[in-house]
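Working notes, structure below.
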Amino acid sequence: MPDPMMPEAIDSAEQLRRFEKRIAAGEKIEPKDWMPERYRQQLVRMISQHAHSEVVGMLPEGNWITRAPMLRRKMGLLAKVQDEAGHGMYLYCAAETLGVDRREMIEALLQGKAKYSHIFNYPTLAWADIGVIGWFVDGAAIVNQTMLAKCSYGPYSRANLRICKEENFHKRQGYEIVSTLSSGTPKQREMVQDAVNRWWWPSLMMFGPPDASSPNSAELLRWKIKLHSNDELRQHFVDITVPQAAAVNLALPDPNLRFDEASGHWKFGEIDWSEFYEVIKGNGPCNRERMKARRDADTEGAWVRAAARAYAEKHTDTTTGAGA
Ligand code: BYC
């Protein structure tokens, strides 16, 4: 019960009631609307992590641009990696509508205080990894982001809508690479099967820990930031991916994978969550390398930011403060 001696408490209880009514009615919350501080914080956490993931996600694939097997593949990969940078920018903009500064978010990443998707801490050892990343990693991202495109916060929902359209091309280019390799020479088949074996389990972890160990889910579901739980999305990804693997004659590395007639779902084996927690703690195969690459890029880009600032200052009308 709100304390009638505390008008602010009454206000915020009433505001919270109205806010939750809007959420229940499926309305979008926009930047200038009242929102609980916790809703804002949860969105800043998720959107900034998502933005960092897009930017760090350029590194494993960028690693193959100079070694793509032909010009058409090189052009496709270049465009994909460039798209990921664009997604990062849409997302930093969406987070900025919540009153955080882009530099603040980037500093948090560079100082190791902010997370990014654990999946980008695995190495890309062969060309086939590029195909499998498009198929699994972008495929998992589409499942997650199709849901986020319907989330309650307007700017995040719209950013995800645009991202999903581009991710669909990414998934197709990946699956096409996989399909070409899987119908190629025995060596190519072996290379793509090996990539599938290495990326399958980490891709399932992209949806986050099991529902019972997901501290943020209850709040996110209540406020319709998430519309499905981590386990529901993971199951959906498995259900759509198993037939895709069969279509290109590749085996998924799970001896317990079986179709369950009763539920209509593909049941899968135990995920090694200790591996996931090690990677998010910073102990994955490439965490240090990825962070070093981002820190070096920030240092090497300092002169560009300084030049842009100097240019803006030079062209600012000192009487009105407006740019000339
Ligand atoms: N990696 O309570 P939970 C892409 C953390 S990029 C690292 O379930 P939540 C692409 C989680 O943050 C795709 N950390 O969390 C780019 C939390 O820690 P904090 C990236 C993870 O938020 C380039 C703790 O574990 N997509 O598509 O309810 C090339 C407990 O988890 C991970 C997004 O970022 C993980 N995988 O659910 C190709 C989408 N999973 O923050 C492709 C937006 C969990 O409390 N994010 N953690 O310290 C989300 O949808 C949700 O945040 C998650 C996690 C499903 C990831």
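One-based numbering, in listed order, for ligands and for the atoms of each.
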Ring geometry between Tyr90 and His87 (parallel below 30°, tilted from 30 to 60°, perpendicular above 60°): tilted

Any donor-acceptor N or O pair under 3.5 Å, side chains Gln49, His52: no

Lys226 near ligand 1 by a heavy-atom separation under 4.0 Å: yes

Which of the ligand 1 atoms, numbered from 1, are nearer than 4.0 Å to a heavy atom of Leu148: 39 (C), 43 (C), 50 (O)

Selection from Lys113, Arg45, Met46 by shortest heavy-atom distance to atom 22 (O) of ligand 1: Arg45

Residue and atom name of the nearest protein heavy atom (relative to atom 21 (C) of ligand 1), distance in Å to one decimal: Phe276 CZ, 3.8 Å

Shortest protein contact, atom 6 (S) of ligand 1 (heavy atom only): Ser53 CB, 3.6 Å

Aromatic plane relationship, Phe276 with Trp273 - under 30° parallel, 30 to 60° tilted, over 60° perpendicular: perpendicular

Atom 42 (C) of ligand 1: any protein heavy atom closer than 4.0 Å: yes

Any Glu61 heavy atom less than 4.0 Å to ligand 1: yes

Side chain, backbone, both or neither: Phe120 near ligand 1, heavy atoms under 4.0 Å: side chain

Protein contact for atom 39 (C) of ligand 1 (heavy atom, distance under 4.0 Å): yes

Mutual orientation of the aromatic rings belonging to Phe237 and Trp200 [parallel < 30°, tilted 30-60°, perpendicular > 60°]: parallel

N/O separation below 3.5 Å, Ala141 to ligand 1: no

Close approach, Met58 and ligand 1, non-hydrogen under 4.0 angstrom: no

N-O pairing of Asp83 and Arg162 below 4.0 Å: no

Shortest non-hydrogen contact between Asn256 and Asp254, atoms and distance: N-OD1, 2.8 Å

Donor on one side chain, acceptor on other, Arg18 and Gln15, under 3.5 Å: no

